[in-house]
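Report on one structure; see the data block that follows.
Order of listing sets the numbers, starting from 1, for every ligand and every atom in it.
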Amino acid sequence: MAIKEYSNGEIVIIWKSDLCIHSGICVKTLPDVYHPKDSPWITPQNATTEALKAQIAQCPSGALSWREATPKDDQ
Ligand code: SF4
């Protein structure tokens, strides 16, 4: 399974591509963060950590999750 990580320096968004059902809820909720046509397609620095956590909880497939960032995570 492809697992990608995207950090805003506080949390790391984890996206499991095989689980994503492309519902587009993430894109509709935070269009400045999720933009499927670009690379990287997730730019978590464009929203607050609280907004990101609330959005991740809405992902219907479990493709999105998060963990606390560590100093090793790239911005
Ligand atoms: S909300 Fe979840 S399942 Fe829907 S497109 Fe985004 S990552 Fe994929």
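Take Thr49 and apply the side-chain hydrogen bond (donor to acceptor under 3.5 Å, both in side chains) test, not counting sequence neighbours, and it matches Asn8, Glu10.
Applying the side-chain hydrogen bond (donor to acceptor under 3.5 Å, both in side chains) test to residues at least two apart or on different chains, the pairs with a partner in residues 56-69 are Glu5-Arg67, Arg67-Asp73.
Around atom 8 (Fe) of ligand 1, the protein N, O or S atoms closer than 2.8 Å are Cys20 SG, listed by chain and residue number.
With values rounded to the nearest 0.5 angstrom, Ile42 atom CD1 is found 5.5 Å from Leu64 atom CG.
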Would you give me the side-chain donor-acceptor pairs under 3.5 Å for residues 13-32, sequence neighbours excluded?
from	atom 1	to	atom 2	distance (Å)
Ser17	OG	Ala2	O	3.4
Ser23	OG	Ile25	N	3.4
Thr29	OG1	Ile25	O	2.7

Give the C-alpha distance, both sets of side-chain angles, the deciding distance and a yes or no for side-chain contact (heavy atoms from CB on, under 4.5 Å) between Trp41 and Lys4.
-> CA-CA 10 Å; Trp41 84 277; Lys4 299 242 173 124; over 6 Å; no
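Using a 4.5 Å cut-off on side-chain heavy atoms (C-beta onward), Lys53 and Ile11 make contact.
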